[in-house]
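See below for the structure under consideration.
Proteins get letters first, then strands, A, B, ... in listed order; numbering begins at 1 in each. This structure is a prediction, so every number in the text was calculated from the model and none was measured. Basis for what follows: all heavy atoms, side chains included, without hydrogens, waters or symmetry-related copies.
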Protein chains: 2
Amino acid sequence: MSTPPSGPDPTAGPQSSVASQRIAAELREAILAGQIPPGTRLYQEEIAERLGASRLPVREALRILEAEGLTESQANRGARVPLRTMREVEVLYRMRERLEPLALHESLADLPDSTVDRLTEIQEQIEANDDVTGFVTLDREFHLLTYSACPIDTLLATVVTLWNSTQYYRRAFMLYRGQGERWIINAEHRLLLDAIRRRDRIDTERYLAGHIRRTRQELVRHPELFAPSAP
Amino acid sequence: MSTPPSGPDPTAGPQSSVASQRIAAELREAILAGQIPPGTRLYQEEIAERLGASRLPVREALRILEAEGLTESQANRGARVPLRTMREVEVLYRMRERLEPLALHESLADLPDSTVDRLTEIQEQIEANDDVTGFVTLDREFHLLTYSACPIDTLLATVVTLWNSTQYYRRAFMLYRGQGERWIINAEHRLLLDAIRRRDRIDTERYLAGHIRRTRQELVRHPELFAPSAP
DNA sequence: CTGGCACAGAATGGATCCATCATCAAGAGC
DNA sequence: GCTCTTGATGATGGATCCATTCTGTGCCAG
């Protein structure tokens, strides 16, 4: 469950010496940015041609992304970006409510003060920014950075996978209805940031769980953002 | 995050039409049975020759297993079965404590009565059996069967990955010190089974969380089963 | 005797070519 | 007119060959 030396780094840029990882990074970025929406069929040959490689590393890249929850594939039937139902996304959020507080707990002791300062900067950028796409990117960077000192690779990788799997719908919600939520998110982030600075394990877990829980409840109030339940 | 049509089935036998999946199934079985212990280097060529295929599907199989937590690989440095530290296994158990009750919760409503009967049979086999390897296999079958009706593939796959990642150490513990624990496990299983039959969501989650938690506490009392913390 | 460097062997990563399977459209039969 | 079958097309899966990178050993210098 690790591609670069120290776990899959979702913020890593698309420069890697190994082609399959470079391709995976390019596709990852495009999918997370919403440029390749759920349901899109991914053709090996097209990707290979566009990114200047043969089909083989593309196949490996698709396997890597599959492990990260960004694509899915069936034998002889190709790969696509998963279309998720509302119920599925809801349960993914419930998983996040349970796992991310644990990841933060495990990360908290080893989180250097410099990272806490960086978190504060990001939060200031979030508050200054009013572009939705920029917000989603910064929000992701903020939260994943709080987990960055977690020493357990599997836990971190699982959390990243859950973020990957829900991010598209999160952006869709923010574009559609989320502007009014901004002040709540900022308040929650400020409380969380303060608890992190105090290294308070109880408070960090509580604020974080509440933050995710509230987001889930907002999301499920908009079924129109999702694929129908019965495919 | 799915190899056969409906998610990765860890109990599926090694007969598959697609070679990479067949190879992954063979290796999965061998690793889970403890025949390939943690730390073992896996050579593509050797596996390819032994299982009658070329190296290419072996590479794909190793990627599949990597996603399931059964192998790890670094660029140009090959694949191996991960060696986990005690701290790592402890956190993996904490993840299980949080996720498996959720999986059971989501599975419970759709779990057919016939499956509950099958669970009872398995528990009777567990009680009649005194071979440790047989116990570990049956115990895995029992728990994973309780989750089998969970409609969310990602949740199920994550739970299976966590089982895969901890199973070796679980067996090592049972071989080493676990025989006296058998009656406690049986009592816990009976309570869980009864709650499942009653479709009691609260009790199932409580008994299951307690069961996993107690197992974790037993495991961490035996640091000698694990790799040292500082590699 | 120790440490660094260079070279040889081996294993992994990638490209190209071929076989197999799924999909879709057109036609025959009912 | 509808359905089932059959064939053509295109995409995926697999095998072989070549390039690249890592590892370990042996030699030489300090």
Separation of atom [atom1] in [X] from atom [atom2] in [N], rounded to whole Å:
X	N	atom1	atom2	value
Arg77(B)	dT12(C)	CZ	P	13 Å
Glu60(A)	dG13(D)	CD	C1'	13 Å
Glu49(A)	dT12(D)	CD	P	13 Å
Glu45(B)	dT12(C)	CD	P	8 Å
Leu51(A)	dG14(C)	CG	P	13 Å
Gln21(B)	dC21(C)	CD	P	14 Å
Asn76(B)	dT21(D)	CG	C1'	5 Å
Arg63(A)	dT12(D)	CZ	P	12 Å

Tell me whether Arg28(A) is salt-bridged to Glu68(A), with the criterion being a basic N under 4.0 Å from an acidic carboxylate O.
yes

Closest-nucleotide 5' rank along DNA chain D - winner of Leu56(A) and Ala79(A)
Ala79(A)

Would a distance-only check, ignoring hydrogens and angles, find a side-chain to backbone donor-acceptor pair under 3.5 Å from Thr166(A) to Leu162(A)?
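Answer holds: yes.
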
If only atom types and distance count, is the side chain of Thr215(A) paired as donor or acceptor with the main-chain N or O of His211(A) below 3.5 Å?
yes

Counting only heavy atoms not in Gln217(B), do more than 12 fall under 6.0 Å of its CD?
yes

How about CD on Gln125(A), more than 12 heavy atoms from neighbouring residues, nucleotides or ligands closer than 6.0 Å, or not?
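More than 12 within 6.0 Å, yes.
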
Do Arg59(A) and dG14(C) have a side chain to base donor-acceptor pair shorter than 3.5 Å?
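For Arg59(A), whose side chain was compared with the base of dG14(C), there is no donor-acceptor pair (under 3.5 Å).
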
Can you figure out which of dT23(C), dA11(C), dA15(C) approaches the side chain of Arg41(B) most closely?
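For Arg41(B), the side-chain atoms sit closest to dA11(C).
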
State which of dG14(D), dT12(D), dG14(C) makes the closest approach to the side chain of Tyr43(A).
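Nearest nucleotide to the side chain: dT12(D).
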
Any side-chain N or O of Arg55(A) less than 4.0 Å from the OP1 or OP2 oxygen of dG14(D)?
no

Check whether any side-chain nitrogen or oxygen of Gln44(B) sits under 4.0 Å from OP1 or OP2 of dG13(C), and answer yes or no.
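It does, given that an N or O in the side chain of Gln44(B) lies less than 4.0 Å from OP1 or OP2 of dG13(C).
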
Report which part of the nucleic acid Leu62(B) touches: base, sugar-phosphate, or nothing (heavy-atom distance under 4.0 Å, all strands).
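Nothing, no nucleic acid heavy atom in range.
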
